[in-house]
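All values below come from the heavy atoms of this structure, side chains included, with hydrogens, waters and symmetry mates left out.
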Amino acid sequence: MVPRLTSPPPLQASPWPGPGQPPPPPTASPMAQDRAAHTRQRRRAQRRLIATRRCVVLSAAAFAVVAVGIVVDFRSADHLQLIESAKLIYAPEMEVKGRPWSMKDIWNYVENDFLHKWATHSKLGQAHTVGIPRIRMIHTDNGTCKYHVKGRSCYGNIDFSKDTFAQVRREKDWLKPNVLHPHCLAKVPVEAMEPRYVDDAEVDVFSSVTCSMCSYPPNGHVVDIPKAVLTGETTGHFETMCVRRIVRKLTDFYLDESTRLIQFEFLVHDDASDLYILISFGFEGLVERQWWPTLRFESIYIRGMLSRGNYHGLEDDVQTWIIPALISLSSAAVAIGVLQLIRITHMSCLHCLKLILCAIAFVLGILMIHWGLQGIYDFEELLDEASKAAPKSEQQYLENLQNRSAYMRSRQTHLPIASFVKYSRFINTSNSTLPLVLLLQFLLYEDYLLGSVTSIILGMKLLTKRATNLVIYFLFVLAVLALMATMTLSECSMKFVDWLSSFFSIVDLFTSKMLLGELTDCKPKWAPVLYAIIVSLKFFFLGHFLRMCIGLGAEVEKRKRREAMQEKREHDEMKVIEELQKRPLTKENRECLVKLSECLRKTGKYYGSKKM
C-alpha cells in the first residue's frame, strides 16, 4: 500500500518578531479606544451641527425672499378692490344660488343689465374694453341623445368622458330670416358680427358644473361685439341699434334645443393700475329649457422683464426672475447641505422629504421664470401685430411702449387672452405653493439657533402629532357628509352634483362661505337638518383642537428640561471616568473601569450623539 501524502500543518505566526523585523504596534487599551471614538463622534456631531444650521439659515432666507416678494407686490389690495367693483357692476341683481335660469332670466339680465352697463359705464365699460367682446356658443348634432327616435329631433349633452371636440356641431343655420339688421358705425367686418364656426375660439377654458375637472372644448360658433366709435356715435345709438340687435338676433333666431353653452367674455383694462380684469359668464343648457349660470371675475397683471414686454421697472424684474432665481439657488444649496448630512449620518425618510421639497422649490422657481418669458413673448407678438396693422400716419406715435399698448387695447378685433390667463394662473399658483413648500422645509429641523424659535417649532410639531388622528377623523366625517349631501341635494343644486363637488361644498359650509339660504332653496326640509349637523360637528372638532393646544407650551418646556438633564447626566458620567483615568488605580479598579466604559458604550450613553 502506498502511503497517502498529506500536507504539513500551516505554520503559526510567532507572537515575537524575528530577527530584523519591527516589533508589532502596541494594542490600544479599551479606554484609549473609547477616547478615540469619543473624539470621532464629537467631530461628526460638530460637522452635523454646522450642516444643519446652514440648511436652517438657507431655508429661512428662502422663506424671507418669498415674503419680500409678497410685500413688494403691493397691488394685491388694488386688485381686490377692482374685482369687487367689477362684481358690483356686472354681477346680476338676482343672486346665483346654484339654481337654474330660464331663457327669460338670461335675456333680462343680458339686455337690461349687462349690455346697458357695459355700453355706458365710464370706468369698466366698453371704452376701457381691450379689443372687443366675444360670444361663444356650442351646439350638438341631431340624434346624439341616449334614446333617439327616428324622425324626431333629439340633441344630447356633451359627454366629457369622450372626445369633446368631435361632439361640437360645425354647421348651423339661422332658424328664421334675419329681420333685425344691426346698425353699427364701428369699422368691423360684417362677418365678425355673424355666427361662424372656429376650431379655436381663443377664449378662456370654461369648466362644466356637471363634474369636476371637466372642461368644454375650445371650438364652437363665435360672434364679436364691436365697441362704439369714439366720435360720431352716441352711447344710446350704439346700445340700442348695434349691441342689443346683435344679441337679440342670437337669442331669437340662433339659439335652440341643440345649444349647450353660451359664453360671454371680455377683458377690461384699468389705466391707473395697468390691471386687466377678465369678466366671463356662461350658461350651460343641461336640462330642457333650464340653464345653469357660472360667473367669473379674474385679475391679470402682465409684467415685463429686463425692459421687455409690459415692463414697469425694477419691480417687474424682482417678481419675474430675481425672486424665482434666488429661490432656486437657495433650494439647490439646501439640497447640497442635506446631502452632506446624509453622508455624515445615514439616509432616512426625513432626509428624503427634505430633498423632495428642495426639488419642488427649485423646479417651481425655474418654471416661474419660463412662464414669465412666455407671457412676455405673447405680449410682444400682440404689440407687433397691432403696430403692423396701424395706418402709416400713426406709426410715428407707436414708438414707445405706452402708446403701442394703448393702440393694441383700442383695436376693433378680439384679443386672444387665453395664453395670458393660463400663464397668470400658473404663476399665481406657484406663488401660493412656494410659501407652503418652504415653510414645511423649514419646519423639518429641530435646532433653529434661537431658543424661542426652537420652542415654537417644537410645539407645532408636537401639535401636529397630536392632531393627526383628529384630522383623519375630520376628513372621514366630511366624506360621509358629502355622500349624504350628494344623495339628497344633487337633483336641485349643481354644487352637490357629484361627490367631489359635494365635498368642497361641505367645506364651504364649515367655513361659513355657504349660507343656509342656499340649501333652503333646494331642500327646505333637509337643509336645516344638514346645517345643524354641520354646526354641531364644527364646535365638536373645534373644542377637541383647543383641548390639544392647552398645555402645549408647558409640555415643550418639560421635554427640553428632560433633554438637558439627560445631557448633564452623560456629561457628569464622562467627567467621572476622565477623573478616574488620571488617578493611580489598582488592578481590580482598572478592570472595573474598563467594564464600566464598555457597558456605557454598548448602551449608547458614552458620548452619545445628539440627533439633529
Close aromatic pair by centroid cut-off 6.0 Å: [X] and [Y]:
{"X": "Y197", "Y": "H139", "value": "no"}
{"X": "H312", "Y": "Y301", "value": "yes"}
{"X": "Y90", "Y": "W118", "value": "no"}
{"X": "Y423", "Y": "Y377", "value": "no"}
{"X": "F281", "Y": "F114", "value": "yes"}

Work out which heavy atom in [X] is nearest to a heavy atom in [Y]; give both atom names and the distance.
{"X": "R411", "Y": "A389", "value": "NH2-CB, 3.6 Å"}
{"X": "P195", "Y": "Y254", "value": "CB-CZ, 3.5 Å"}
{"X": "I300", "Y": "L275", "value": "O-CD1, 3.5 Å"}
{"X": "F379", "Y": "S405", "value": "CZ-OG, 3.8 Å"}
{"X": "I83", "Y": "S299", "value": "CD1-N, 3.7 Å"}
{"X": "L255", "Y": "M103", "value": "CD1-CE, 4.1 Å"}

Is the side chain of [X] donor-acceptor paired with the backbone N or O of [Y] at a distance under 3.5 Å, no angle test?
{"X": "D105", "Y": "W101", "result": "no"}
{"X": "T140", "Y": "G156", "result": "yes"}
{"X": "S85", "Y": "Q81", "result": "yes"}
{"X": "D316", "Y": "G304", "result": "yes"}
{"X": "R134", "Y": "A201", "result": "yes"}
{"X": "R196", "Y": "A192", "result": "yes"}
{"X": "K227", "Y": "I132", "result": "no"}
{"X": "D199", "Y": "N219", "result": "no"}

Problem - Atom NZ of K123 with >12 non-hydrogen neighbours under 6.0 angstrom - result: no

Practice task
State whether the number of non-hydrogen atoms from other residues, nucleotides or ligands found under 6.0 Å of M241 atom CE is greater than 12.
Solution key: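 Above 12, so yes.
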
Does the pair [X]/[Y] count as a salt bridge with the N-to-O cut at 4.0 Å?
{"X": "D204", "Y": "R296", "value": "yes"}
{"X": "R248", "Y": "E111", "value": "yes"}
{"X": "R260", "Y": "E284", "value": "no"}

Practice task
Evaluate the salt bridge (charged side-chain N to carboxylate O under 4.0 Å, His left out) criterion for residues R308 and E380: first the C-alpha distance (whole Å), next the side-chain angles of each, then the deciding distance (0.1 Å), finally the verdict.
Solution key: CA-CA 8 Å; R308 294 282 303 273; E380 290 182 344; 2.6 Å; yes

Handout entry: side-chain hydrogen bond (donor to acceptor under 3.5 Å, both in side chains) between N310 and D274, worked out
Key = CA-CA 10 Å; N310 195 27; D274 197 18; 3.1 Å; yes

Side chains of residues 365-376: which donor-acceptor partners sit under 3.5 Å, not counting sequence neighbours?
none

Handout entry: Any side-chain heavy-atom pair of L267 and I277 under 4.5 Å
Key = no

Exercise for the section: Decide yes or no for S280 and F264: does some side-chain heavy atom of the first lie under 4.5 Å from some side-chain heavy atom of the second? Expected result: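 Not in contact.
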
Please determine, by modelled atom types, if [X] and [Y] share a side-chain donor-acceptor pair under 3.5 angstrom.
{"X": "E239", "Y": "H116", "value": "yes"}
{"X": "D508", "Y": "S505", "value": "no"}
{"X": "T486", "Y": "S502", "value": "yes"}

Exercise for the section: Nearest 0.5 Å please: distance from the SG atom of C242 over to the NE2 atom of H237. Expected result: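 Those atoms lie 8.5 Å apart.
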
Practice task
If the plane angle is over 60° it's perpendicular, under 30° parallel, otherwise tilted; pick one for F206 and Y216.
Solution key: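 Plane angle between 30° and 60°, so tilted.
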
Problem - Partners passing side-chain contact (heavy atoms from CB on, under 4.5 Å) against I89 (at least two apart in sequence or in another chain) - result: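 Only K117, H121, L124 meet the side-chain contact (heavy atoms from CB on, under 4.5 Å) criterion with I89.
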
